[in-house]
Amino acid sequence: MKVKVLCRNPDDYVRETTRDIQRVPRNYDPTLHPFEVPREYTRALNATKLERVFAKPFVASLDGHRDGISCITKHAKSLSTIISGACDGEVKVWNLPRQECLRTVQAHEGFVRGICSRFCGTSFFTVGDDKTIKQWNWEAPGYGVREEPINTILGKAVFTGIDHHQREGTFVTCGQTVDIWDEQRSSPIRSFSWGVDSFSCVRYNPVETELLASCASDRSVVLYDTRESAPLRKVIMQLRSNTLCWNPMEAYYFTCANEDYNLYTYDIRHLDVPVTVHMDHVSAVLDVDYSPTGREFVSASFDKTIRIFPKDKGHSREVYHTKRMQHVICVRWSADNKYVLSGSDEMNIRLWKANASEKLGLLSAREKAATHYNKKLIEKFQHHPQVRRIARHRHLPGDILKQKRELREMREARRRKEQNVRKHSKPGSVPLLTEKEKHVVAVVE
Amino acid sequence: MLVFGFWTTKICNTRNCFNKIVLIALFSLTFHCNGFASIVCPDLKKILTKFDSPSRWFMLGKKCKVPAGARERLKEAIAISEAMSEHAQKQAARYDLLLPEDAGFLEGDEDEDTNTISQADIADAVDITSGSKYFNLHLSQFGPYRLDYSRTGRNLLVGGKKGHVACIDWQTKDLKCEMNVMETVNDVKWLHTEAMFAVAQKRWLYIYDSKGVELHCVKKFNDVLRMQFLPYHFLLATASATGFLQYLDVSIGKEVAAICTKMGRLDVMAQNPHNAVIHLGHPNGTVSLWSPNQKESLVKMLCHRGAVRSLVGKDKIGDTALYMVTSGLDRKLKVYDIRAFKPLHSCFLPAGASCLSLSQRGLLSAATGEIVQVYQNVLGSNPVSKPYMAHRLRGQIWGLAYCPFEDVLGIGHGEGFTSMIVPGAGEPNFDALDTNPYRSHKQRQEWEVKALLEKVQPELIGLDPGQLSKVDQASFEQRHKEQVEALGFDPLAKDKFKPKTKKKGRSSAGAIEKRKRKVAHEDQRDEIRQSVQERTEREKELKEKSNEKKLGNKSTLDRFRK
């Protein structure tokens with residue numbers, strides 16, 4: 001007879017010395033691993049709960065300004081420096097890791113309306129209520145030397161925004177008209193205007209560097225090409241847009257922050273309908289900035305919260321608020337995709353984590369693997385009601401919650417009324433408009 | 001309290017005294033799943049056939065259906081996830097080649113039957129360590145013994161009916177604890193680790209430490225006859241003489257469910273390891289399936305003409321079917337496919353089997369009186385009438401259990417305990433992250449914490465454990481209906497085809513009509529399909545109504561029914 005009985009040599013299964021790691025033989029046979037789906041579901045539930053437990057997004061608050069903060073800009077080359085301008089004309093340069101102010105400059109009399117840093121990282125420009133454009137050095141002057149701008153340009157009217165080209169030495173300002181300046185000249189090389197009396201924001205496209213967009217006070221967003229002599233086209237909406245931001249990864253998308261509590265993402269090729277309408281704020285949206293990956297953006301609103309939206313979804317994935325943070329005027333996403341900076345009315349700049357439950361610092365390989373696994377589990381089971389309920393839950397301050405409910409009721413009432421009107425009128429006379437189509441008034445070439 | 005001192009094990013030479021049975025061909029234990037290999041990749045097929053490894057388990061070809069009106073994003077997402085899942089399966093399949101151990105086997109010579117080979121011969125033919133796995137414990141004083149192996153297979157718990165309870169590390173013969181509880185012991189069961197075990201004594205359920213210290217006396221669980229432990233749910237299911245099926249969560253110590261089965265004394269109990277459903281056998285020949293979420297049984301099957309004596313449930317390696325083997329007083333041994341609730345085949349035993357047990361590799365052992373017979377390939381579609389191995393003992397057999405990951409069958413009987421070598425019974429390769437017989441203290445601690453974190457809630461126990469991964473069509477339709485009502489139009493409805501107006505004279509009226517006609521047949525087909533569906537539904541309803549009228553309970557109040 002031929003016989004073989006299962007016999008294991010313990011030397012193959014037990015470690016040799018206590019200094020070795022343990023031996024872990026594996027067998028991926030599914031019969032040895034029953035209940036795949038329920039166990040994964042339990043793990044997903046645990047992962048969601050832990051993510052909420054570890055969601056502590058607030059990192060630090062930078063105080064020192066003596067008036068509300070009107071604009072923040074990142075350094076073009078360094079991750080640790082930012083510069084902020086306040087409503088009393090002060091401009092401060094901050095070091096983020098040490099959370100201290102490196103340098104203070106009294107740049108303007110009146111508001112600092114816009115700051116932008118030059119692409120080489122050696123200087124930055126500021127514009128203010130005193131109708132000047134000033135160019136400053138990033139490095140502080142030596143001991144005893146007075147703080148002086150490299151260059152000052154006097155304009156005819158107040159400038160409300162400034163942005164610099166990605167590669168060349170030109171910058172654009174907006175105020176009464178959109179002007180393109182060369183750094184060496186003291187008068188604009190080209191001026192665009194389209195019968196509008198003021199512009200609130202202008203931005204260069206980071207990918208297609210010859211395109212520009214600006215928000216005008218006639219409730220429109222105007223597109224320009226610096227190679228052309230006249231503006232390209234504009235899209236007119238129901239309410240005015242405060243700021244806009246181009247998607248750094250996709251050349252043809254930009255998002256504008258509107259007064260009607262929404263943000264609209266447009267494709268410049270089809271301006272008649274926005275690609276997405278992002279609705280979640282309960283008051284006017286004041287600022288928007290994209291993450292360097294181009295997949296998410298952060299928005300600051302008059303309702304004392306900042307929200308993070310995925311670029312293709314209509315609702316926010318995250319909301320940050322504090323009792324101490326009042327109306328948030330400006331917001332920026334740091335260039336390493338990890339932090340969000342918000343500057344608000346009560347003279348503080350706050351540093352938040354972009355992923356609230358992320359562990360900062362260097363993670364070991366096992367920690368990284370565990371984080372990835374948990375994230376994937378949550379994504380896999382995101383539609384299950386229990387998991388969704390926990391993952392979606394965010395605490396909101398009382399007035400924002402009340403305002404949200406009120407807005408929802410108002411929208412419901414409007415919709416019901418429209419339905420009734422449609423029911424009782426001639427079929428086809430009241431057209432069905434989707435949510436996206438409702439907000440655009442006209443596109444003018 | 002009687003205390004036993006030190007007992008020695010005796011390896012007895014049993015004599016075989018079986019009649020010679022006609023030889024039939026033995027199937028090899030390895031089998032191919034050719035369909036799988038060709039789906040995955042042709043090279044893999046070559047590798048697998050070359051190494052003759054059982055490609056056992058892959059849940060393949062389960063491509064999910066892309067719904068007809070799906071958007072681009074959904075199609076992309078499905079395609080991506082299917083590609084990733086296939087890749088993962090391929091990687092896992094390739095790991096099969098690295099498994100260190102092979103299964104055991106027993107092949108007789110040309111004219112020799114394997115069931116005539118005695119245990120002593122096998123023990124002599126193999127090496128010393130394997131030979132020492134055949135041993136007897138002579139414990140004739142304290143009644144027939146029930147036994148349980150722990151999940152890792154290292155520790156063995158024996159409980160005699162007259163009160164003797166002992167736990168042993170059976171490989172090193174190291175006695176962990178031994179005591180006499182001074183009461184009738186109906187059943188013994190290990191809990192999730194070797195630290196605790198449960199003993200169903202005459203009146204109540206007791207939980208002891210591995211040193212024999214009594215930890216709990218659970219008075220809510222009275223007259224327990226049988227117990228089953230569900231390892232991934234940390235539930236101890238108990239069947240009592242009063243007809244109650246109770247579940248105890250051993251991690252938090254709470255009773256999860258107490259179900260009054262109303263089916264009399266519950267003597268026969270088994271668990272299905274695939275979906276944690278409890279099977280109970282009844283004196284009227286029925287087998288009922290229970291989960292802690294319902295007060296009624298999930299399924300009731302009529303299996304035997306007499307009482308059901310024992311049953312055991314299993315999922316088969318390499319197949320997606322679930323099997324249940326039952327034996328009854330009508331001397332039949334039946335194999336059922338539990339997914340479809342269909343009998344597969346039945347065979348006749350000269351005496352009904354009082355105990356049944358299935359090993360990890362599908363060997364069935366049936367105990368009748370003093371004889372244990374082991375059958376091979378019972379779970380396949382071809383019935384096997386000849387046993388693979390047989391063994392005769394002295395003493396009425398009271399308990400049977402296979403040791404996980406070892407080629408050993410433990411038998412508890414009236415004269416004590418016997419450990420029998422059954423080559424090919426145990427799974428050769430264990431997964432150390434699941435159950436590791438060679439785990440250290442630290443590893444056991446880590447495993448316990450992880451297992452407790454992953455503990456599945458009892459609400460998820462049902463006939464289909466993978467139900468959470470299925471698409472919930474019903475609630476989607478409900479939500480869609482509500483959405484249509486709220487909005488006033490159907491956002492998912494397809495727009496009617498509007499042909500594009502082309503330039504350069506290509507959009508004359510005739511050309512537009514031609515283009516419309518190309519697409520028109522699709523819309524027509526949809527309409528026809530819908531109308532046909534409605535018609536068939538209406539016809540079905542009419543038929544049912546007419547059937548009711550024909551057969552139905554005619555009562556005098558029928559004329560008032562609308």
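Looking at A:L432, only its side chain comes within 4.5 Å of chain B, counting heavy atoms on both sides. When heavy atoms are compared at a cutoff of 4.5 Å, A:H383 does not approach chain B at all. Residue contact with chain B, scored on non-hydrogen atoms closer than 4.5 Å, involves the side chain of A:R415 exclusively. In this structure, the portion of B:Q443 lying under 4.5 Å from any heavy atom of chain A is its side chain and not its backbone. Of the atoms belonging to B:A276, heavy atoms from both backbone and side chain fall under 4.5 Å from chain A. Within the 4.5 angstrom heavy-atom criterion, no atom of B:K442 approaches chain A. Within the 4.5 angstrom heavy-atom criterion, only backbone atoms of A:R23 (N, CA, C, O) approach chain B. Proximity to chain A involves both the backbone and the side chain of B:L453, based on heavy atoms less than 4.5 angstrom apart. Using a 4.5 Å cut-off between heavy atoms, B:S469 contacts chain A through both its backbone and its side chain.
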Please assess A:K376 against A:E379 for the test salt bridge (charged side-chain N to carboxylate O under 4.0 Å, His left out), listing each intermediate value before the final yes or no. CA-CA 5 Å; A:K376 184 67 189 177; A:E379 187 205 307; 3.3 Å; yes

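One distance of note links CE of A:M279 with OH of A:Y261; it measures 11.5 Å at 0.5 Å rounding.
In this structure, A:Y41 and A:F381 have perpendicular ring planes: the angle between them is above 60°, well past the 30° mark.
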